[in-house]
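Numbers here simply count residues along the sequence, with the first being 1.
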Amino acid sequence: MASYDEPLADDPIEADDTDVPVRRDSLGDPPDVEVGGGYIAKAIGSTHKSSYPPIDDYAFLSDCETSCLIARNGAVEWMCLPRPDSPSVFGSMLDRSAGHFRVGPYGVNVPAARRYLPGGLIVETTWQTDTGWLIVRDALVLGAWHNNDKRSRTYRRTPMDWDAEHILLRTVKCVNGVIELEVNCEPAFDYHRTPVVWEYSGDVYEQATAGGSPDCPTLTLTTDLRLGLEGREARARTRMREGDEVFVALSWSLLPPPRTYAEAAEKMWATTEYWRQWITLGKFPDHPWRGYLQRSALTLKGLTYAPTGALLAAATTSLPETPGGERNWDYRYSWVRDSSFALWGLYTLGLNREADDFFSFLSDACTSDDGADIPLQVLYGVGGEREITESQLDHLHGYDGAWPVRIGNGAYNQEQHDIWGMLLDSVYLHVKSRQQVPESLWPMLLRQVEAAIAHWREPDRSMWEVRGEPRHFTSSKVFCWVALDRGAQLAQMHGELDYAKKWSEIADEIHADVLEHGVNADGVFTQVYGGDSLDASLLLVPLVRFLPPEDPRVRATVLAIADDLTEQGLVLRYRTDTTDDGMLGAEGTFTICSFWLVSALVEIGEVERARRLCERLLGYASPLELYAEELDPRTGRHLGNFPQAFTHLALINALTHVIRAEQHTEVGAFRAAHRTV
């Protein structure tokens, strides 16, 4: 059997049945050696036992204003209200005592099956007990636009036909035999720092309300079961027989929750209709990978914050990049870095409205209400907030002991010089099809180009947000070139020929500087000027058209990263032992970097190698086809925050590269997935 940690040869490798990656099974905890395909650097067959579910076993729900993660045992273990970056109300993902909300059969914690209903973000869990079968469906409800009497206080983008109803709805049906059903709702407000008080708010036992301090949301639990209040917990128990149907709805706004199962079923159907109508707007190839592209598109849609158009990096905080380690960050914010990848992916799939809304969010972030100049920063709150103070929650245990638990993100005020290029590339993608630069955008893009001109010679902390000393990172210089290159093209398009000429000349200067100082004697791009270490961000050199794919330095860099910056064939972002990132310990392989390698291999003509790597990466998808930030190369377990927008954006890019390249063999010339003119 071919070894995945060997260099990928030019000739195809003959695969046998054992070469196919093992898909994670939501029903069991297979030995690490099995999950890792035989590549493991510790005792054969060892299995990590934990009270925390594997990160990739969580299901992700969203109504584009709120999101939650549901463990396979039917418990909501992560939910923040009213915004995704608000304090948690259910947080047992980070501490087993920090709140949960379970609906499922009594005494059974492992379902028979779990899936998303096709075309949406509704999770269906099928349970088998000794006495019967049960089906639970979970959704964050979407319905018709409801702000008809007065304007929304939070909505800044163009209102659509649909809107979030601020209800987590859970419907239950007994399809065979007899089932003992239990409901346990135990919120823990403000990251488990504020006491919870339950009280009945219905006529009998059908509704109860949970409150905390005035700053906490008010939760209303409505059901057609009989609720009991036991301290912090609201409970319900019943015996269901074949054909019985019940519902449980948790709401946190003035919009009315369902009062009967018929009303609940109607809301579930409306939510299904929303997602199916939305996914139908996309353009997906008729290809076996279509399902992965659709699931990634749905995940990205779920990670948007509809009132402002912001795209969250992930739905969670402090899921560890290193098991039990300190590389735990809060990703519930919107990074400028995601912008060009997000716009490329969304435009490629025909999801122009989401791309336009995200671009409008970025435009708002760069301009004050009175049109004054606001310097661009690395990340923003989903409402456009500029100050994202980082702190630690010392009272929380952390996912599987990974500590500290952090909220906020101190990278918001770092010097990262790739952001101007990312934003200018986003502007270019946005206006390319229109062939004109809107007058309102010109002042903003002028400021970004001038910022790149002023700072490109200075050191920074790179796109990886290292917390060591600033250095002259090669990829940061490349993206400063992107800022000037795209700026020159936009100036030409806008009729500003003097700016176009000036910026083009500076772009040439940066280009020459990078080739002089950022390439070693072997013709390989290096992490920093004058160094020898590799960095996965340099896989973007051909993707942003810094050099043509046939340039020998591009090929040498891509192959060097594939050979020397991988573990078990998966790509690291850099070697932690040669990079001062200000943190201790190693980390997993970054899945986005592995997908970048797929795209880069296609660019240099290694399509067969790219396809093999792509198939392997798809084999590592979670049981629900989601991805965290990293993969443990030895076991295939997902690490880091989940689900990760950047990973799904890179997946779209990689799969589209391979699909288009393979179409080339049938219909003619290969059309690059991302090309400037």
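- Tyr333 and Glu385 are not linked by any side-chain donor-acceptor pair at a separation below 3.5 angstrom, with hydrogens and angles left out of the test.
- Take Arg259 and apply the side chain to side chain donor-acceptor pair (under 3.5 Å) test, not counting sequence neighbours, and it matches no residue.
- Ring-plane geometry between His146 and His166 is classed as perpendicular, the angle between the planes exceeding 60 degrees on a 0 to 90 degree scale with a lower cut at 30.
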Going through the checks in order, is the side chain to side chain contact (heavy atoms under 4.5 Å, CB included) test met by Cys174 and Trp133? CA-CA 6 Å; Cys174 181; Trp133 290 77; over 6 Å; no
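- Salt-bridge check for Arg235 with Glu182: failed, with every basic side-chain N at 4.0 Å or more from each acidic carboxylate O.
- Checked for salt-bridge contact, Lys301 and Glu354 meet the test: a charged N lies under 4.0 Å from a carboxylate O.
- Here the options are Tyr155, Trp162, Tyr274, the test is ring-ring contact (aromatic ring centres under 6.0 Å, His included), and the partner is Trp145; only Tyr155 passes.
- Using cut-offs of 30° and 60° on the angle between ring planes, the pair His648 and Tyr627 is perpendicular.
- Take Arg337 and apply the salt bridge (Lys or Arg N to Asp or Glu O under 4.0 Å) test, not counting sequence neighbours, and it matches Asp418, Glu465.
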In sequence, state the C-alpha distance, the side-chain angles, and the governing distance for Glu186 and Trp198, and then conclude on side chain to side chain donor-acceptor pair (under 3.5 Å). CA-CA 10 Å; Glu186 184 179 313; Trp198 281 100; over 6 Å; no
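- Geometric assessment of Arg72 against the ring of Tyr58 yields a negative cation-pi assignment under the 6.0 Å and 45° thresholds.
- The cationic atom of Arg102 (NZ for Lys, CZ for Arg) lies less than 6.0 Å from the six-membered ring centre of Trp127 and within 45° of the ring axis.
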